[in-house]
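Take a look at the structure below.
Below, each value reflects all heavy atoms present in this structure, side chains not excepted, and no hydrogens, waters or symmetry copies.
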Amino acid sequence: MSDLKVLSVASEIYPLVKTGGLADVAGALPAALEPHGIETRTVVPGYPQLLGALTGAEPVYHFDHLFGGPGRLLAAEAAGLKLFVIEAGHLYDRPGGPYVGPNGVDWADNAQRFAALAAVASGIGLGLVPGFVPDVVHAHDWQAGLAPAYLHYSGGRRPGTVMTVHNIAFQGKFPPELVPELGFPPHAFSIHGIEYYGTLGYLKSGLKLADRITTVSPSYAGEILLPEGGMGLEGLLNDRSDVLSGILNGLDDAAWNPATDEHIPAPFDLKRLKARAANKAELQQRFGLDPDPDALLFGVVSRLTWQKGLDLLADSLDTLAEMGAQLALLGSGDADLASRFTQAAQAHPGRVGVWLGYDENVAHLVQAGADALIVPSRFEPCGLTQLSALRYGALPVVARVGGLADTVIDVNEMARTSGVGTGVQFSPVTTPALQQALKRTHKLWQDKALWKKLQRNAMATDVSWERAAREYDRLFRDLVAERAA
Ligand code: ADP
Ligand code: GLC
């Protein structure tokens, strides 16, 4: 029986629509909260791929005017998720991604598309659907940032609001002229409201006006208070640091379970670690690498963007090849980075293999077959690929930032003698430091007994959602109690 209702507000949700880790979190948190007596429904935009996946959709509200056209609110289920879907063809019924068109350019009406998401969330918060009146509205990233703002300016009895930052680099800034069209009172456009350096700031609004702010790791919660990490929002966040906390993400352990994984040729677990060799062989074959069980095989599963620091890796491939190691990189995004890796694959045949594109199957194979996973991010709010790497026994080699710093235990001297290491960290995030980390990893690889121990430590790490769910549960309940007082 649930005694607390949470409305989650998200622009993507796994497995229906995903561009990154935000979707994974939005998709997994509801089930993790259920045992705590928390019923979550997620309000999402009605993209075509999402509408197509719904079963038993039931209209629960009709909008005459939703930012330029009519719309309906559907209550529906899909993939085990309880959803409110905003069906509004003029905003969401189009080919392409959730944020960009097929030409890769942001949709020109993103301001309206995500104001609609937030406004509908606020409406549900205020009782639009009598059967589900939430106690807490939980907004994810800038796309949902206006939800706490709409609720704040509604003047009515409202639920508590939580703003979660998955990535502060994306802030949702739009022209101030939109303020009346979006339905905010003129006085809302001030430094105390939705104004952000002369623009209309979606993330800023949420950070300013939500009752609580969370981000996805304790270290990132500290980093965004500093000028470099806050990316312009550090002043506001310092003002609100009393309501800011970091809750580390978990990993969807049904989707990422090496013992039952249907995407890989040889499922395995701690007791059947030998089976991993077959996955490595398959990975080498699929990526055009030499079929060498003794070569240290590094993997990468990533968006190709500046954030992820993969240019440092592109600069380190000679070092990697000289050590006799291999690289299998799965990535999609930036064309320049992609072509650098493609050229590197040609320069190092059998040593560097590249798979460009977004492919869930291949992502699982990389985690299951690689010996180590490289994540050289310049910043990383949490990071999920190092969590799957831990679970799959691919030792993470990570930059010491954000959630990477919080989830991987560096095999330093003390960690080694205490038997607790799970991977390798490096700092600063520079090419020489990464190269040193690659060499250090190679040295560990040569000590087979130690490597096996580290692999076992990694696989035994608790990366489940349970810990995070306990923390969200406490946060939501404290907030509700505070508002009732
Ligand atoms: P971010 O959200 O910043 O991209 P995360 O590590 O939090 O970083 O989440 C990335 C998610 O996307 C993971 O689930 C990862 O497996 C997946 N992913 C990233 N790139 C690819 C790719 N090219 N193909 C398949 N899955 C990918
Ligand atoms: C963002 C961050 C990533 C985090 C994910 C889920 O995409 O870049 O570090 O894991 O959100 O919270």
Side-chain angles (χ1 to χ4, degrees), residues 258 261 263-270 272-302 310 312-331 340-357 359 361-376 385-386 388-398 411 421-424 434-456 458-459:
D261 194 326
H263 305 286
I264 58 175
F268 62 98
D269 54 27
L270 266 174
R272 289 177 293 159
L273 254 182
K274 282 214 173 73
R276 226 177 166 276
N279 298 316
K280 179 168 178 176
E282 171 82 5
L283 181 59
Q284 286 172 324
Q285 199 247 322
R286 296 274 288 274
F287 276 69
L289 300 170
D290 296 338
D292 179 355
D294 296 323
L296 168 58
L297 171 51
F298 289 102
V300 170
V301 177
S302 188
L310 290 165
L312 310 184
L313 180 59
D315 288 338
S316 303
L317 295 175
D318 289 343
T319 309
L320 188 143
E322 278 159 21
M323 294 180 331
Q326 299 180 332
L327 174 71
L329 175 136
L330 167 66
R340 287 192 65 189
F341 280 105
T342 314
Q343 281 166 22
Q346 282 157 5
H348 300 286
R351 290 276 149 206
V352 175
V354 174
W355 190 299
L356 296 177
D359 192 313
N361 277 306
V362 180
H364 283 247
L365 182 63
V366 173
Q367 297 284 10
D371 300 302
L373 188 90
I374 306 176
V375 194
T385 59
Q386 85 281 12
S388 12
L390 287 168
R391 187 125 205 257
Y392 279 62
L395 295 194
V397 179
V398 302
V411 198
T422 61
V424 169
L434 169 60
Q435 292 180 357
Q436 215 175 60
L438 297 178
K439 288 181 190 157
R440 191 148 74 88
T441 310
H442 191 245
K443 211 164 156 214
L444 297 170
W445 171 249
Q446 281 154 346
D447 183 341
K448 289 295 166 232
L450 174 60
W451 189 271
K452 196 163 265 172
K453 167 73 180 139
L454 298 173
Q455 211 175 20
R456 287 181 182 280
M459 292 178 74

Enter the distance from [X]:[atom1] to [Y]:[atom2] here, rounded to the nearest 0.5 Å.
X      : Y      : atom1 : atom2 : value
Asn279 : Ile264 : CG    : CD1   : 4.5 Å
Thr319 : Gln435 : OG1   : CD    : 3.5 Å
Leu365 : Gln284 : CG    : CD    : 10.5 Å
Ser302 : Leu310 : OG    : CG    : 4.5 Å
Asp359 : His364 : CG    : NE2   : 10.0 Å
Leu330 : Thr385 : CG    : OG1   : 10.5 Å

*asked:* Using 30° and 60° as the class boundaries, would you call the ring planes of Tyr392 and Phe268 parallel, tilted or perpendicular?
replied: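 Perpendicular: the ring planes of Tyr392 and Phe268 meet at over 60°.
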
Give the ring-plane orientation class for Trp445 versus Trp451, where under 30° counts as parallel, over 60° as perpendicular and anything between as tilted.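 The arrangement is perpendicular - the two ring planes meet at more than 60°.
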
Validation row: [X], [Y] side chains within 4.5 angstrom (heavy atoms):
X      : Y      : answer
Leu313 : Leu317 : yes
Leu270 : Arg456 : yes
Pro258 : Asp269 : no
Asp315 : Arg340 : yes
Gln446 : Leu296 : no
Gln285 : Pro291 : no
Val300 : Phe341 : no
Leu450 : Leu444 : yes

I'd like to know if the side chain of [X] reaches the main chain of [Y], judged simply by a donor and an acceptor atom lying under 3.5 Å from each other, with no hydrogens or angles considered.
X      : Y      : result
Gln367 : Gly299 : no
Asp371 : Leu297 : yes
Gln455 : Gly393 : yes
Arg351 : Ala325 : yes
Arg276 : Ala266 : no

Grab the two heavy atoms, one from [X] and one from [Y], that are nearest each other, plus how far apart they are.
X      : Y      : result
Ala370 : Leu283 : N-CD2, 3.5 Å
Ala372 : Thr441 : CB-CG2, 4.4 Å
Val301 : Ala363 : CG1-CB, 3.9 Å
Val354 : Ala345 : CG2-CB, 4.1 Å
Ala437 : Val397 : CB-CG1, 4.1 Å
Leu434 : Pro376 : CD2-CB, 4.4 Å

* Could you check Val375, Leu390, Thr422 and say which one makes a side chain to side chain contact (heavy atoms under 4.5 Å, CB included) with Pro396? =>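 Only one option passes, and that is Leu390.
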
| message | Checking side chain to side chain contact (heavy atoms under 4.5 Å, CB included) between Phe287 and each of Val352, Val362, Leu329, Leu327, which is the one that passes? | response |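 With Phe287 as partner, side chain to side chain contact (heavy atoms under 4.5 Å, CB included) holds for just one option, Val362.
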
| said: Go through it in stages, so that I can follow the logic: the residues are Gln436 and Arg440, the test is side-chain contact (heavy atoms from CB on, under 4.5 Å), and I'd like the CA-CA distance, side-chain angles, deciding distance and then a yes or no. | reply: CA-CA 6 Å; Gln436 215 175 60; Arg440 191 148 74 88; over 6 Å; no

Practice prompt. Give a yes or no on whether Lys274 atom NZ has more than 12 heavy-atom contacts from other residues, nucleotides or ligands under 6.0 Å away.
Written response: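 Not more than 12 within 6.0 Å, no.
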
- Message: Does atom CD (Glu282) have a neighbourhood of more than 12 heavy atoms from anything else shown, all under 6.0 Å?
- Response: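 Yes, the 6.0 Å shell around CD holds more than 12 heavy atoms from other groups.
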
